[in-house]
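Quantities reported herein were computed from a predicted structural model and do not represent experimental measurements. Naming convention: chains lettered A, B, ... in sequence-line order (proteins, then strands); numbering from 1 in each chain.
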Amino acid sequence: MGAAAPGASPLTEGNVFATSQRTHRCGDLRALHAGTSVILGGWVHRSRDLGGLVFMDLRDRAGLVQVSFNPDWSAAQVIADAAAVGVESVVLVEGVVQPRPDEMRNPDLATGDVEVRATSIRVVGPAVTPAIPVARGKNDKLPAEDLRLRHRYLDLRRPELQANLVLRHRLLQITRQFLSERGFLELETPILTKPTPEGARDYLVPSRVHPGEFYALPQSPQIYKQLFMCCGFDRYFQIARCFRDEDLRQDRQPEFTQIDIEASFIGRDDIMALSEGMVAAIWREAGHDVSTPFERMSYADAMERYGCDRPDLRYGLEIHDFTAAFAPLDFVVTKSAIDGGGRVRGIRVPGGAAWSRKQVDELEALAKGAGAGGLLRIKKAEGKLDGPVAKFLTPDAEAALALNEGDLALLVAAKDRVSHPALDRVRQECARRLGIVDDQARRFLWVTDFPMFDKDPETGALSAVHHPFTAAHADDMAAYPDAPERWRALAYDCVLNGLELGGGSVRTSDPRVQSRMFTLLGIGDVAEQERRFGFLLEGLRAGAPPHGGIAFGFDRISMLLSNGTSLRDVIAFPKTTAARALFEDAPTTVPAEDLGELHLRSTVEAK
RNA sequence: GGGGGCGUAGCUCAGCUUGGUUAGAGCACUUGACUGUCACUCAAGAGGCCGCGGGUUCGAGCCCCGUCGCUCCCGCCA
């Protein structure tokens, strides 16, 4: 193999992947390369030794190509060497691209019209037998996830995961380009920040130079980005890593990436329009057309019609209120619920009358699991209504139900706090059973006008639904100065098919209003406000423009656009649900003297 | 913090219901044969702390208790 000519840069000639050691990538070779002498570097994906003839599938990031070793063009020693290489070893192969005869083409392979006739092979990175297979048969199951994470250096070689990370890269680039072109500055914020006792648990980092004091890893760059606005940076974004020390889920990691955006002199509609353009650009990069603007729905509407603040609009089964029609009924379940301040609401399921008692019992179990006392069922079969309530129904109630032949009504009689989540669960399950969820459809939606505060039903304490820096509708504050639980927030969530993609708000830019919000949230002491949020309040007092922003969950977006179901498949080195990194084996114990330097002592018994 | 599922060869799994000779299969691996394969084929071989600890029993992969790991869900995630 000849050395590159001194001074020659192979990164020219229109093939940016050529280097001093290789000329092409395996997966890039096509019929047009026929006759070209090439040097390839790649991993041995699989090989087939026919005795005297060896075929090797060589893999790199671009894909697979077949290399053939044959006495007609390969020396005996070259064939012997090829036959001896183990899978997943790294080799450099020199040869000539040749078109394959028609009957030997492989239509399943992008490079299947050609093969590389090898004249030399050099093993530059021999591999031990892989602990988990990289090359898989069509019907082979994936190894267990803990093994895939433990041997991530092998799992990430799989073309599927490579494609996911390549797509992730492209989505990052298009996001940066979109925002950059619109004057947004990519500004970095600290990873070592100030602990905030609200919200999720912080990851804490002990300070060595300040005994007993701690940094926290950011749950989001929220306050910093608002300070950028106070500084006049006007338009900010960051692909920001965020950390939350909470228990995990399939779609939740302890560290995650969000597209974080903030802008000045804007209102809600500005942020929404910008976001729609960005989301459309991201989806387009993944090959999907998205029409804008997105639908909008108020929080109150979403809860009333779907029992959920991020409704999946790909199907109907909307919730209806039958309270007025059921109020006169002499039926204890509905009567007591209504008398107690509740309502009778539910959905009509076309064709549900055919479901068995057991099937409907399963739906009731779901409703009960969500907190409901039960699920009332009324079906219309052979022209008459049937169910425990049926004999109590007045003509008015029957008319209100408006059931068609074969319909099933599923009702919950309870306060909204109970019936919303119960009906949400039942509605989703019914849609799934009916098979009416179109998985090709993309129903983007803005949910707006969230309440500012959530009131604890027992203590009466208020907590922020979005976060404490969100602005409220000015007219609500004026109309109900003493009933903050009635205020609507200038907050908005971007929802796709029942999944939350992102959320944001217009912020409170008046420091006096911000201080009042803290007071409403139970931080009435001014000194306490200054201690915890002084660095924001000072910034606001120094002259703050009206501003607002939004953050999108980038991992989840990558997952959706990779058609995956697990965040772990779009993150190179993810944690397990126990927040453990199996490959590098973190977290881990550290020597007591290291702790001592940080002024810490473990309370856990040494093993 | 709570509940469910899983844990047997390097990998994917069977065996457990009803305890009983030497724990099996496919793939991978090793050796051999094979000149157009592409999940090559064929033959032979090697490979096991049945997660770990304890208990019941004449006898435990199988039953019981505990524990660890992974996973899914609830709580939690302003």
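Between R46(A) and A28(B) there is no side-chain polar atom (N or O) within less than 4.0 angstrom of OP1 or OP2. OP1 and OP2 of U37(B) both lie 4.0 Å or more from every side-chain N or O belonging to R48(A).
Base engagement by N70(A) is indicated by at least one non-hydrogen atom pair under 4.0 Å involving a base atom. Nucleic acid contact for A135(A): none, since no nucleic acid atom lies under 4.0 Å from a heavy atom of the residue. Using a 4.0 Å heavy-atom distance criterion, E115(A) is classed as a base contact. If you check every strand for non-hydrogen atoms under 4.0 Å, L64(A) touches nothing. D49(A) comes within 4.0 angstrom of a nucleotide base, judged by non-hydrogen atoms across all strands.
Remark: G59(B) base-pairs with no nucleotide in the shown strands. Criterion, Watson-Crick or G-U wobble with two distances under 3.5 Å. Applying the Watson-Crick and G-U wobble criteria (two distances, each under 3.5 Å), G45(B) pairs with C29(B).
The distance from atom NE2 of H45(A) to atom C1' of A28(B) is 14 Å, rounded to the nearest whole Å.
Taking the six-membered ring for Trp and thresholds of 30 and 60 degrees, H467(A) and F469(A) have ring planes inclined between 30 and 60 degrees apart. Between Y299(A) and F450(A), the ring planes are tilted. Angles from 30° to 60° get that label.
Taking a 6.0 Å sphere around CZ of F214(A), one finds it holds more than 12 heavy atoms contributed by other residues, nucleotides or ligands.
Heavy-atom nearest nucleotides on RNA chain B were determined for L142(A) and for P71(A), and the one closer to the 5' end corresponds to L142(A).
Between the side chains of H473(A) and D449(A), at least one donor N or O lies within less than 3.5 Å of an accepting N or O.
Counting only residues at least two apart or on different chains, the side-chain hydrogen bond (donor to acceptor under 3.5 Å, both in side chains) pairs with a member in residues 487-503 of chain A are D476(A)-R488(A).
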Next on the checklist: Can you build the contact string for nucleotides 68-78 of chain B? Use B for base contact, S for sugar-phosphate-only contact, and - for no protein heavy atom under 4.0 Å.
Outcome noted: --SBSSBBBBB
